[in-house]
J.: 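Below is a structure I'd like to ask you about.
A quick note: this is a predicted structure, and the numbers were derived from the prediction, not measured. Below, read A as the first sequence line, B as the second, and so on, with proteins coming before strands; counting in each chain starts at 1.
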2 protein chains.
Amino acid sequence: MSEEDKGTEELIFEAAQTVFVQKGFDGTRMEEIARVAGINKSLLHYYYRTKEKLFNAIFKKAFSYFMPKVLSTISSDLSFDEKIKIFTATYVEVLLKNPHIPIFILNELNRNPDNAAQMIGELTGIAQNDTFGKFSALIQEEIDKGNIRSIEPEQLIVNLIGLCIFPFAARPIVQGIVFKNDKKRYNEFLEKRKTEIANFVLQSIKIEK
Amino acid sequence: MSEEDKGTEELIFEAAQTVFVQKGFDGTRMEEIARVAGINKSLLHYYYRTKEKLFNAIFKKAFSYFMPKVLSTISSDLSFDEKIKIFTATYVEVLLKNPHIPIFILNELNRNPDNAAQMIGELTGIAQNDTFGKFSALIQEEIDKGNIRSIEPEQLIVNLIGLCIFPFAARPIVQGIVFKNDKKRYNEFLEKRKTEIANFVLQSIKIEK
DNA sequence: GTCTATACACTGATAGAC
DNA sequence: GTCTATCAGTGTATAGAC
């Protein structure tokens with residue numbers, strides 16, 4: 001399907017995604033979305049009544065990149081180490097393809113938590129099917145079996161997710177200040193993270209030393 | 001000095017800080033700042049000509065909480081382990097007192113990188129006096145001395161900072177989804193982070209196992 | 001379905017009285 | 001220094017022609 005064959009609705013959706021993700025809800029003008037989509041401002045309202053409805057559609061899609069299905073990795077029958085490795089590598093890969101998603105989601109989550117919570121709820125029916133709860137249980141199991149050292153499962157989970165997301169959410173700091181605006185070094189840095197995060201975490205929690 | 005004794009300029013500054021940090025530049029209305037400050041809208045322009053100038057003043061102040069002087073810890077004559085412990089503990093403490101700062105800074109840095117970079121530049125004269133460069137050198141020294149395992153200094157630095165900042169920037173996710181909106185558990189979680197982060201990191205990079 | 005024209009509200013900023 | 005009044009510009013949304 002070529003660019004011209006796309007239906008107007010999809011054209012609008014993609015333009016809205018580009019602008020909303022880059023500028024956030026407050027910073028986005030319907031005018032600009034229309035311009036990017038190459039159509040008239042009124043058509044936006046024809047397809048999506050209000051700015052909020054259009055935004056919410058984008059938010060849902062974006063959130064699925066932010067909290068990807070990767071989390072289902074933990075339900076597989078791989079070894080714990082493999083789960084951590086695949087989870088972090090795949091997560092970083094997804095974010096490399098959608099680098100602006102983290103700050104967009106974090107910011108909108110903060111700006112309008114109630115609406116965001118509702119959008120998230122509508123996504124999976126009910127609270128991600130408690131993926132984090134299952135993840136916690138899995139970690140506790142590993143501790144009980146003596147495979148990893150004692151650590152609060154929630155601390156480990158937040159560490160894992162934070163290590164993946166942070167370099168993207170804080171790109172201007174990491175690229176600009178840590179790497180003195182050397183974009184090439186910043187990108188190499190992210191590339192290495194695919195394996196570096198799992199390595200860093202597993203080194204911290206392994207027991208046989 | 002009581003609330004009433006404050007000069008108008010300071011009153012405006014504090015009101016602006018409250019609103020800007022909560023709603024960002026695009027989401028903030030001069031009207032609301034005036035209302036929070038309990039003064040007239042025109043007075044804002046009398047003291048700070050434009051919305052941008054007022055915002056920039058707030059941004060500079062906020063950034064000093066985001067990248068606190070804690071970084072100077074690394075120039076002290078403490079042991080490497082102690083430096084990591086004090087750095088992370090103090091950083092988390094600062095953020096506990098200013099929990100909305102991280103997402104505010106990250107978002108504005110992303111929204112208008114050029115202006116933000118200039119504001120940061122005006123803060124310390126020139127690029128933080130290359131604190132991160134010194135930090136990198138310190139880490140490399142420890143590796144060369146055989147005190148910690150081999151790791152790219154930049155990866156370690158980003159891990160350290162990310163582990164401190166992320167739980168604040170992603171509060172709605174961590175408190176809402178991981179802790180199912182149990183605010184008490186979320187706060188206990190943050191409290192424990194003061195020591196947990198250093199512990200987690202040092203476990204990962206120590207050599208004698 | 002897509003366009004032009006326009007209503008209506010709001011926002012940042014200024015002018016001018018006190 | 002502080003206020004009221006007001007302007008000019010912009011933003012979302014709708015009405016109506018085609």
J.: Please report the shortest heavy-atom distance between A/Ile74 and A/Lys83, naming the atom on each side.
T.: O-NZ, 3.2 Å
J.: Restricting to side-chain hydrogen bond (donor to acceptor under 3.5 Å, both in side chains), what partner residues turn up for B/Lys192, sequence neighbours left out?
T.: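 In terms of side-chain hydrogen bond (donor to acceptor under 3.5 Å, both in side chains), with neighbours along the sequence ignored, B/Lys192 is linked to A/Glu152.
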J.: Identify, between A/Lys41 and A/Tyr47, the residue whose nearest nucleotide on DNA chain C lies closer to the 5' end.
T.: A/Tyr47
J.: CG of B/Asp26 versus C1' of C/dC10: gap in Å, rounded?
T.: 15 Å
J.: Mind calculating the distance between CG (B/Leu44) and P (C/dT14) to the nearest angstrom?
T.: 13 Å
J.: Rounded to whole Å, how long is the line connecting atom CG of B/Leu54 with atom P of C/dT11?
T.: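 Rounded to the whole Å, the gap is 16 Å.
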J.: Give a yes or no on whether the backbone of A/Thr28 and the side-chain of A/Lys51 come within a donor-acceptor separation of less than 3.5 Å.
T.: yes
J.: Where does the angle between the aromatic ring planes of B/Phe63 and B/Phe66 fall among parallel (under 30°), tilted (30 to 60°) and perpendicular (over 60°)?
T.: tilted
J.: Specify the separation, in whole Å, of atom CD of B/Glu32 and atom P of C/dT11.
T.: 10 Å
J.: Once you round it to whole Å, what is the distance between P of C/dC10 and CE of B/Met30?
T.: 18 Å
J.: Between which nucleotides of DNA chain D, 5' to 3', does chain B make heavy-atom contacts below 4.0 Å?
T.: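 That gives a stretch of D/dG1 to D/dA5.
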J.: Given the ring of B/Phe55, does B/Arg111 sit roughly above its face, with NZ or CZ under 6.0 Å from the centre of the six-membered ring and within 45° of the axis?
T.: yes
J.: If you pin B/Asn40 and A/Arg29 to their nearest nucleotides in DNA chain D, which one's is more 5'?
T.: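 Nearer the 5' end of the strand: B/Asn40.
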J.: Under 6.0 Å between ring centres: does that hold for A/Phe166 and B/Phe166?
T.: no
J.: Using every non-hydrogen atom in the two residues, find where B/Ile103 and B/Ala169 come nearest and quote the distance to one decimal.
T.: CD1-O, 3.9 Å
J.: Could you tell me whether the phosphate oxygens of C/dT14, OP1 or OP2, come under 4.0 Å of any side-chain nitrogen or oxygen in B/His45?
T.: no
J.: Between B/Lys51 (NZ) and C/dT14 (C1'), how many Å, whole number?
T.: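 Atom-to-atom, B/Lys51 to C/dT14, this comes out as 17 Å.
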J.: Roughly how many Å is it from CZ in B/Phe25 to P in C/dT11, rounded to a whole number?
T.: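 From B/Phe25 CZ to C/dT11 P: 14 Å.
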J.: Rounded to whole Å, please give me the gap between CD in B/Glu52 and P in C/dT11.
T.: 18 Å
